**Q** 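My structure is below; once you've seen it, I'll send some questions.
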Amino acid sequence: KDELNQLFKQILIQHGVPEPWRRIEIKIEEFWEEIFFGEKKKKYAGIKKGGEKEIVGFETRRSNECNLSRETQDILIDMILNETPQEIIHDFLLTIKTDLLAGKFNDKLIFSSGMGKNEDEYEVDTMHIRALKMAKDKRQIYIDGKIRYYICDAEKDKATPQLVENTDIINITEAGLKYYWEHRIYPPQKRILDAVGYIFPDLEKEKKVRQKKIKVKKFTGLEKFGIT
């Protein structure tokens, strides 16, 4: 600590910082063996000196996310902190995507969420609000004050929620599973990948390529050149 503060003061002197401002001291709060930061403040994950792992701000700590999203991100964070090669990380995420689209993770795609205020107070018509209205219509609010639902289908990036009435039967269309990957599973992983500079284009959401119509103008007067 003393050596760091001495070095800090030397840097301030080199940059012509006046004497009163040189009294600032560096305070060390934690020692980290490995750490990386997210795109926003107070988003980080790391291993402290002694081996304790700490994750702050990422989706893996949010109870309103589905289990697959949280579990995948938790494993991904561990892989990055343990310096797992990019190829292995890519293959891991590709396997998650493939198995998800094959319907192997349906039991891990349920959302469990409460409501902080009346649905009429929300300005945006989100999937969660639609699920809450469905639950109220069926009087299906659980004892813990939460509703449980999943995405059964999707059209044009708009999800259709379905309340969980029988956890043994969860039917999700192909479009619904694709929506899960593109909007609920991969985006949290991509935020981690962006933080460490990893890019996997084949895992990204498929972009629709708009074909531009080209107007063909008919030229006249070319007969004299032998062109008809």
Side-chain angles (χ1 to χ4, degrees), residues 38-40 43 57-77 92-195 200-210:
E39 79 284 3
K40 291 184 179 179
K43 268 193 176 186
F58 290 114
E59 286 80 358
T60 186
R61 292 296 182 260
R62 296 179 187 173
S63 60
N64 62 344
E65 278 294 338
C66 66
N67 285 344
L68 182 61
S69 179
R70 291 188 285 113
E71 290 173 8
T72 301
Q73 193 180 71
D74 203 34
I75 294 171
L76 177 60
I77 288 173
F92 161 69
L93 292 173
L94 182 60
T95 300
I96 295 294
K97 178 182 180 181
T98 303
D99 288 351
L100 166 68
L101 297 180
K104 295 182 180 180
F105 291 131
N106 285 11
D107 61 329
K108 293 180 178 289
L109 300 179
I110 297 171
F111 299 96
S112 177
S113 185
M115 180 60 64
K117 50 188 176 182
N118 192 288
E119 74 269 18
D120 296 331
E121 299 179 49
Y122 288 86
E123 297 179 0
V124 182
D125 181 28
T126 64
M127 177 181 61
H128 176 61
I129 301 303
R130 294 195 295 275
L132 179 75
K133 290 178 179 178
M134 291 170 63
K136 278 197 167 184
D137 291 341
K138 293 187 176 184
R139 296 185 178 181
Q140 193 173 330
I141 303 295
Y142 293 86
I143 296 174
D144 57 6
K146 293 183 177 182
I147 57 172
R148 284 180 259 285
Y149 62 96
Y150 61 95
I151 299 168
C152 64
D153 196 8
E155 184 179 359
K156 294 182 179 179
D157 289 340
K158 185 174 182 180
T160 302
Q162 175 65 47
L163 297 176
V164 175
E165 298 179 8
N166 183 348
T167 54
D168 295 328
I169 304 173
I170 299 176
N171 295 316
I172 305 175
T173 65
E174 183 180 337
L177 291 170
K178 185 178 179 182
Y179 181 93
Y180 263 105
W181 175 257
E182 294 181 346
H183 296 270
R184 307 299 304 196
I185 306 301
Y186 188 61
Q189 320 314 323
K190 189 176 185 304
R191 283 188 274 277
I192 299 290
L193 298 173
D194 288 344
F200 302 138
D202 59 320
L203 298 178
E204 302 273 353
K205 178 181 177 181
E206 295 178 6
K207 295 181 180 179
K208 294 180 180 179
V209 179
R210 296 180 63 182

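This is a predicted model, so every value here is computed, not measured.
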**Q** Does the side chain of V164 reach to within under 4.5 Å of the side chain of F111, using non-hydrogen atoms?
**A** no

**Q** Taking it one step at a time, do L101 and K97 satisfy side-chain contact (heavy atoms from CB on, under 4.5 Å)?
**A** CA-CA 6 Å; L101 297 180; K97 178 182 180 181; 4.1 Å; yes

**Q** Please identify each residue that fulfils side chain to side chain donor-acceptor pair (under 3.5 Å) with N171, with sequence neighbours left out.
**A** none

**Q** Is there a side-chain contact between L193 and Y186 in this structure, where contact means two heavy atoms from C-beta onward sitting under 4.5 Å apart?
**A** yes

**Q** Find out whether L177 and E174 are in side-chain contact, i.e. whether some heavy atom of one side chain is under 4.5 Å from a heavy atom of the other.
**A** no

**Q** Any chance you could lay out the side-chain contact (heavy atoms from CB on, under 4.5 Å) test for L203 and W181, step after step, and finish with the verdict?
**A** CA-CA 9 Å; L203 298 178; W181 175 257; 4.3 Å; yes

**Q** Looking at CG of D202 and CG of L93, how far apart are the two atoms once the value is rounded to the nearest 0.5 Å?
**A** 10.0 Å

**Q** Within the 4.5 Å heavy-atom criterion, are Q73 and E65 side-chain neighbours or not?
**A** no

**Q** Nearest 0.5 angstrom please: I110 CD1 to N67 CG, how far?
**A** 8.0 Å

**Q** Quick check for you: to the nearest 0.5 Å, what is the distance between L100 atom CG and L68 atom CG?
**A** 6.0 Å

**Q** Please test S69 against K108 for side-chain contact (heavy atoms from CB on, under 4.5 Å), starting from the C-alpha separation and ending with a verdict.
**A** CA-CA 9 Å; S69 179; K108 293 180 178 289; over 6 Å; no

**Q** Is there a side-chain contact between F105 and I96 in this structure, where contact means two heavy atoms from C-beta onward sitting under 4.5 Å apart?
**A** yes

**Q** I'd like to know if the side chain of Y180 reaches the main chain of L109, judged simply by a donor and an acceptor atom lying under 3.5 Å from each other, with no hydrogens or angles considered.
**A** yes

**Q** Salt bridge or not between D194 and K190? Use side-chain N to carboxylate O under 4.0 Å.
**A** yes

**Q** NZ of K104 to OG1 of T95: how many Å apart, nearest 0.5 Å?
**A** 9.5 Å

**Q** Kindly indicate whether the side chain of I151, heavy atoms from C-beta on, has any atom under 4.5 Å from the side chain of R184.
**A** yes

